[in-house]
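Okay, structure first, notes after.
For clarity, every value in this text was computed on a predicted model and none was experimentally measured. Each chain gets a letter, A, B and so on, in the order its sequence line appears, and its residues count up from 1.
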Amino acid sequence: MLKEAREALAGSLEKSYHLAAELGELPLVSQLPEIVLERTREKKYGDCATNWAMLLARPLGLPPRRIAETLARNMPHTDGLLERTEVAGPGFVNFFLAPGAWWQTLRRIQNEGSHFGDSALGQGKRLQIEFVSANPTGPLNVVNARAATVGDVLARIAEKSGYKVEKEYYINDEGSQIENLGRSVEVRLLELLGRDAALGEDDYHGEYVKDLARQALSENQQLAEEPSEKGRRFLADFALGRIIAGQKLDLADFGVEFHVWFSQKSLGDEIQKTIDYLAQKGYTYEKDGAVWFASQRFGDDQDRVLVREDGRPTYFAADVTYHKNKLDRGFDFLINIWGPDHHGYITRLKAAVQALGYPEGTLEVILVQLVTLVEGGRQVRMSKRAGKLVSLRDLIEEVGRDAARFFFAMRHRDSHLEFDLDLARMQTEENPLYYVQYAHARICSILRKGAEAGIFLSSGETDYSPLCEEETLDLLKLLSTFPDLVQECAQKMEPHHLTRYAQDLASAFHGFYTRFRVLGEEPPVTHARLCLADAVRLVLAEICRLLGVIAPEHM
RNA sequence: GCGCCCGUAGCUCAGCUGGAUAGAGCAGCGGACUUCUAAUCCGCGGGUCGGCGGUUCGACUCCGCCCGGGCGCUCCA
C-alpha cells in the first residue's frame, strides 16, 4: 500500500487511542511506542496490521487483546480508506482497506508514469559506485559480468532514489601484472617467430594472448627483429590498449556505460603526496626500512605497508591515493563492488578513508560472490591459470544480454550464483525473463488492439469503480508496493528483490488476463481495466529499465 | 588458529529492521485454447528452516557453542 495510506491509518490509530483515553477506556500515558504498520502475509489478516496494542500492553498495564479491541472500536472514519478492522491473535489489529485506497495507486501511476517509485531517499547526495575494475590483463569473465550487473542496476536504483550517481571503472594499468602481461605477449610472439620461449606460472595462458601477439606483429613489423626493450614496451602498451578497448566494448554491449575510466597510472605523484599527508597527520611510521600506515588505530588487525623497503609504494598506497582522489572530487558516499577474494582488504581501506578525515560509512564495500556456470546439468569447469574462463563476450553471444543481466540480478549478491545456461537460453515459460517480458508484450498487444478499435486511455478522470474483483484488487495491491520495493533495494543495496517482484507482478497480470477481458466489455469496464493494464505495463517497463533489459512490445 | 559469507521442498533460491499455519520458480502429476498473444492459466503432492542451547508474549530472523561448504588472513595485485 502507499505510504500516504499507511500514514493516514497510523494517524487514525493514534486518534483512536486518545479518544479512548478521554473516554476513560484506556489509561493515559505520555510516551507512546512508534506505530508500525506491516504488510500481512495472509489475506485473512487484512491488508496490513499493527502490533501496537502488544507494545502498549506493558506501559498501559493491560492485556494486549483488550487494548486492541478498544482501539479498533474507537477508530475514527478515514474517508473511504478503511473498510473494517479486526482484532486477532495475541493482539494484532488488522486493517481491511476499501477499494478506494487502491484506486489511489492507479491515479498516482497515471500521473507519475515512469517516475512512479521515485523517492528522495538520497537527498541529492553524490554517490560514486566503482565496480568491475578488473585487471586489464584479459577479457572480462562471468564474475566481472555479475559485478557489472549488480553495480549498474544498483546505480539505476540509487538514481531513482534521489542520489546523484557516477559510475567508475578503475584500471590497474600499473604493477607486476602488467609486466607479466607484456612478458606473456612477448613469449607468444617469440613462438610465432619460431624461437624458443616458455610461459611462466604467473604468466597469462589464455588464447587471447596469442591473438594479441599476432595483432602486434602485423601492426609493427619491427617486432620480428631481435627482442629489445623498446619492443617489449610496445608490446605491453599495445596489449594493454587492446584489452581495455575490448573491455569497454564488451561492457557497452552488455549495457553498462561508465562515466569515468580511471587510470591507476595517472595517479603519478599523488601517491607520494597522499603518503606525506598521512604522515603529517601522524598516521604513519617507519619500521624495518618500510613506511607503515597505522591502520590498527581504525580497527584493522595489523598495520599495513605503504612504502616497501626498496622504496616502491605498495598497491595499497595507490589504492588509498585513488580513494583520496575520489573523495577530493566531492562525493558524499563511495561504494566499491569487489569479488569475495578481496574481503580481507575492506578493513584497511575503510581505515584509510577514516584516516583521511571522513566519517565511518563514507565508503561501503559490497562483495559479490562467485558464479558457477551449469550446462547440461553439469558444472562448466573454469580455470583462471589455464586461461579457460567463460568470458562476458561468450555469455552475451550464448544467452543474450537480457537473460544474462536478469539472471545475475536474480540472486542475492552475497550468495553463490548458479547460472543455468540452458535455462537462460530457453525462450519459454521456464525462463523467468521471458515470463516477465511476455507480460509486457501482452499488455502492449491489448493497447494496440484497443487503439485499432478506437479505444484509448482516457486522459482525464477515470471511473475506477469497475475494478472491484478480488484478482483485480490483488493486482492493484501489488502495484502499490512498488515504491517501497525500490526503496528497499536502495537502502539495502540489494537489486535482487526487483526480479522477484517482476515475476510476481507478471504472474498477477497473467492471472488477471486469463480471468478477465479488457476489450469488448461495457465501456466503463473496458476503460478502467485498460488503465490498470497500462499501469502494470508502466511498472514492468520501469523494472526492465532498472534491470537494463528490454521491455518488448511484441514477442 | 583468526575473520567474513553461505546452509530453508528433489533442484535453484526468496523470506521485508522478530510476528500469526515458512513461500516462489523449476522438475513431477492432472486439467484449460471458436475470445485482447496457450511464450499463458488453474489444481495436486512435497519441509526436524544444518544441530544444540539462550534472549521473550512470539525466533528462519537476534546471541553463544558446535557441524558442513566457500573465501580471505604478503613489504602480491
Seminar exercise, completed: Those residues at least two apart in sequence (or on a different chain) that pass ring pair (Phe, Tyr, Trp, His ring centres under 6.0 Å) with A:Y45 are none
Seminar exercise, completed: Residue set satisfying ring pair (Phe, Tyr, Trp, His ring centres under 6.0 Å) with A:H510, at least two apart, ordered chain then number -> A:Y435, A:Y438
Tell me whether the side-chain N or O atoms of [X] pair up with the base of [N] as donor and acceptor below 3.5 Å, since no angle test is needed here.
| X | N | result |
| --- | --- | --- |
| A:N94 | B:A20 | yes |
| A:H343 | B:G3 | yes |
| A:N51 | B:G19 | yes |

Problem set entry | Residue pairs fulfilling salt bridge (Lys or Arg N to Asp or Glu O under 4.0 Å) with at least one residue in residues 494-503 of chain A, sequence neighbours excluded | none
Problem set entry | Interface residues of residues 489-498 of chain A with RNA chain B (non-hydrogen, below 4.0 angstrom) | A:K492, A:H496, A:H497
Exercise. Within the distance-only criterion (no hydrogens, no angle test), does the side chain of A:D484 pair as donor or acceptor with the backbone N or O of A:T481 below 3.5 angstrom?
Worked result: no
Problem set entry | Expected output: side-chain A:S184 to main-chain A:N180 donor-acceptor under 3.5 Å | yes
Exercise. Do the non-hydrogen side-chain atoms of A:T526 and A:E522 ever get within less than 4.5 Å of each other?
Worked result: no
Problem set entry | Watson-Crick or G-U pairs under 3.5 Å in RNA chain B, rendered as dot-bracket with [ ] for crossing pairs and | for another strand | (((((.(..((((.....[...)))).(((((.......))))).....(((((..]....)))))).)))))....
Can you pull every protein N or O that's under 3.5 Å from an N or O on nucleotides 58-61 of chain B?
none

Exercise. Quick check, are the ring centers of A:F293 and A:Y285 under 6.0 angstrom apart?
Worked result: no
Problem set entry | Euclidean distance for P, B:A27 against B:G68 (whole angstrom) | 35 Å
Problem set entry | Pairwise P distance for B:G7 and B:U17, with rounding to whole Å | 16 Å
